[in-house]
Amino acid sequence: TVVGDVIAWADAHEGTFVLMEISHCDGNMDNAKEKCLGKTQEVMSQLGVKYLKCPAPLDISLGEAMITYALPGGGSALALDSNCIDENWDSSIECYLPGSDCTTDSGSAIPFSQFWNYMAKHSNTTEEPRKDVALLWKTQAHWQWTLKSISRGEAKQSCIIWDESASNLNQRVADRIRAGHFRHFNILQVDSVCNHGPELFVALREHAMKKAGLPTDQGVWDHKVDLSDNEFKVHDDGHSVSVNSTIVFHVMAGSKKQHQSKLIWMEALGEPLSNLAVVDSMGNTLKHNEVNLNKREEWIEFWFAQPVTGPANYTVHISFTVSNAICSLSCNGKKRLFLHAEWAGPRAIPTRRSVYRLTFANEAVATELAADVCVERGQECQFDCNMPLGNQAIEVAYNGSHKFWGFTLSPGNMLDKVQPCSAPIRATIGTGQRKAHASGF
C-alpha cells in the first residue's frame, strides 16, 4: 500500500520524521466517518504507527516527537487526525480570477496580492499563532480550487502541478522566507514539492536557525552527501591504518558553500594524522588544518578551491595514516581487536550512500585479522560474524542515514602488538549502551 511504502521509507531513514494527516475520512453510508476512522486505526496499528486523535499530547518538540514515535529502523512516523491541525483553509486564494490568473502575471496582480495577504495573516503575526493551544497549524502556500477555477484551469489545459510551475510559486515563497517576510511557521503546505523543494528546504532551515539564534552561514542542511566512500587499510604491523575517503558533496539550489569539515573520531588518542592530504577531483590541493588526535572528536577543516553555488556537486579526497588506530578489548569475555572509526550517526548530514571498505596490506595480515570481522553499529560488540573476504577486502554499503562505529576483528597473533582500548571505548562498545550523537560530516 502507499501508506505502507511511506512507513517503510521512514523506517529505513534514520533521523527522519513523517507526519501523516488523516482527513476527509467519510462516506455516504451510516456511521461512515466512525467506520473509516476505525479502519484507519486498525491499519496504522498493523503497520506499527501511532494514530492520534485530539485532544492529544502535541505540546512537545520535534525532537521529542521523533523519540516518542520512533520506528524500529531509526526513523519516526505519526498519523494524526485532522482535528489536531488548524488547516487555515481560505477558498479565495485561487489562481484563476476574473480578468487575471497566476500563470501570466508578474507576481503582483490580484491572485498574488490575495496570496501574499493570506501568508502575512497566518505567518507574519506579531504573536506566535496558537502559542497556548496544543494544536498544529498550517500555512497553505499554494493555490486553492473551486469548481469555477478548475474549469478555467482545464480550459487552459493546465493542472495543479502546472499552475504551481507556471506561477513559480514555490520559488517565490522560498525567496520571501529567506528575505525575512515571515515570522512564524508550523506546517508549510505546498503543491509540487519536487519543483524548488530544495530552495524551500534551505529557506525554512535558515528561518528556524535564525529563530534559534544560530548563524545561518554555518547551516548543515543546505547541502548533503551523495557518496561517502571510505577505505581503511591495515598495515602489516597490525595496528597502523591508512584512511582514504572520497566525499561527493551536493550543494542545494540557492546555497553557496566553500568551507567544510570531516569528523575524525578514532581510538588513537595523542596520535598525529600522518601524511594528511586534501585534494579535489580536479587535483587542487585544498587549504586545511593540521590535526592531532588529542581528544575523541577531531575535525579536518578544509576550504574548496572556489565557492560552489548550488545546485552543484564537489568531490573531495582525504587521505592520512594513523598509528595505533587498532586497539584490543574484551567482547563478552572474548578478545577482539577494534578499529574505531565512528563516522556516521542518525543526526549526521543527510547522506545518500556510504561505503566502508576494510583492506589489508598483504595476504599474511589478512589471514591473521580477517578470519572473523564484524561491523559495529552501536550494538553490543560482536563476534562470529565471519564476513566474507574478497581480494583482501571486506566491504559494506548503506543507503541513507545510518550508524557506523567501525570494525571488530579477530586478533590472530597480534594481541601483543596492539594497545588496549581506552576505558571509554571499552565501557561503550562492550556494554552496548552507546548513545546516538552527531557524528558524521
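Excluded from the calculations below are hydrogen atoms, water molecules and symmetry mates; all remaining heavy atoms, backbone and side chain alike, are included. Along the sequence shown, residues carry numbers from 1.
- With contacts defined as side-chain heavy-atom distances shorter than 4.5 Å, the pair Y51/L80 does not qualify.
- Atom-to-atom distance recorded for L52:CG and M44:CE is 11.0 Å, nearest 0.5 angstrom.
- Aromatic pair H207/F185: ring centres closer than 6.0 Å.
- Side-chain contact between I394 and T359 is absent, with no heavy atoms from C-beta onward closer than 4.5 Å.
- Side-chain atoms of H142 and E164 include no donor-acceptor pair closer than 3.5 Å.
- The distance between the ring centers of Y314 and F304 falls below 6.0 angstrom.
- Evaluation of the salt bridge (charged side-chain N to carboxylate O under 4.0 Å, His left out) test over residues 135-146, restricted to residues two or more places apart or in two chains, returns E21-K138, E87-K138.
- Summarising the local packing, CH2 of W145 is surrounded by more than 12 heavy atoms from other residues, nucleotides or ligands at distances under 6.0 Å.
- Environment of CG in L62: crowded, with over 12 heavy atoms of neighbouring residues, nucleotides or ligands closer than 6.0 Å.
- Contacts of D191 classified as side-chain hydrogen bond (donor to acceptor under 3.5 Å, both in side chains), with partners at least two apart in sequence or in another chain: none.
- Looking only at atom types and distance, the side chain of T246 has a donor-acceptor partner in the side chain of H317 under 3.5 Å away.
- Using a 3.5 Å distance cut-off with no hydrogens or angles, the side chains of E301 and H288 do not pair a donor with an acceptor.
- Of all non-hydrogen atoms in C374 and D384, the two that sit nearest each other are SG-N, 4.4 Å.
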What do the steps show when you test L19 against L136 for side chain to side chain contact (heavy atoms under 4.5 Å, CB included), and what is the final call? CA-CA 11 Å; L19 178 67; L136 304 183; 3.9 Å; yes
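- No hydrogens or angles considered: a donor-acceptor pair under 3.5 Å links the side chains of E94 and S149.
- No side-chain N or O of S242 forms a donor-acceptor pair with one of N244 less than 3.5 Å apart.
- Within 6.0 Å of CG in D5 there are more than 12 heavy atoms belonging to other residues, nucleotides or ligands.
- The pair K156-D163 fails the salt-bridge criterion, with no side-chain N (NZ, NE, NH1 or NH2) lying under 4.0 Å from an Asp/Glu carboxylate O.
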Stepwise side chain to side chain contact (heavy atoms under 4.5 Å, CB included) test for Q140 and V190: CA-CA 6 Å; Q140 298 199 21; V190 300; over 6 Å; no
Does L71 form a side chain to side chain contact (heavy atoms under 4.5 Å, CB included) with V49? I'd like the steps, not just the answer. CA-CA 8 Å; L71 298 168; V49 174; 4.3 Å; yes
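- Here the OG atom belonging to S245 is positioned 8.0 Å from the CD1 atom belonging to I300, to the nearest 0.5 angstrom.
- Separation of the F115 and W143 ring centroids falls under the 6.0 Å cut-off.
- Under the rule for a disulfide bond (SG atoms under 2.5 Å apart), C159 has no partner lying at least two apart in sequence or in another chain.
- With no hydrogens or angles considered, no side-chain donor-acceptor pair links S92 and Q114 at under 3.5 Å.
- Within 6.0 Å of CZ on R130 lie more than 12 heavy atoms contributed by other residues, nucleotides or ligands.
- In this structure, CG in N88 is found 9.0 Å from CG in D90, a value given to the nearest 0.5 Å.
- Heavy-atom neighbours of K121 NZ from other residues, nucleotides or ligands within 6.0 Å: at or below the threshold of 12.
- The heavy-atom pair separating L339 from A325 by the smallest distance is CD1-O, 3.9 Å.
- Residue W137 comes nearest to S123 through the heavy atom pair CZ3-OG, 4.1 Å, listed as atom of the first residue, atom of the second, then distance.
- For R357, the side-chain hydrogen bond (donor to acceptor under 3.5 Å, both in side chains) partners are D229, E395, not counting sequence neighbours.
- A donor and an acceptor atom, one from each side chain of S167 and T103, are nowhere located under 3.5 Å apart.
- Partners of E154 under the salt bridge (charged side-chain N to carboxylate O under 4.0 Å, His left out) rule, at least two apart in sequence or in another chain, do not exist in this structure.
- Around CD1 of I60, the count of heavy atoms belonging to other residues, nucleotides or ligands within 6.0 Å exceeds 12.
- By the 4.0 Å N-to-carboxylate-O rule, K131 lies close enough to E127 to be salt-bridged with it.
- For N386, there are no side-chain hydrogen bond (donor to acceptor under 3.5 Å, both in side chains) partners, not counting sequence neighbours.
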Report the C-alpha distance between C331 and C381 in whole Å, list the side-chain angles of each, state the deciding distance to 0.1 Å, and finish with yes or no for disulfide (SG to SG under 2.5 Å). CA-CA 6 Å; C331 179; C381 72; 2.2 Å; yes
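- Cation-pi contact between R353 and Y398: absent, since separation from the ring centre below 6.0 Å together with deviation from the ring axis within 45° is not met.
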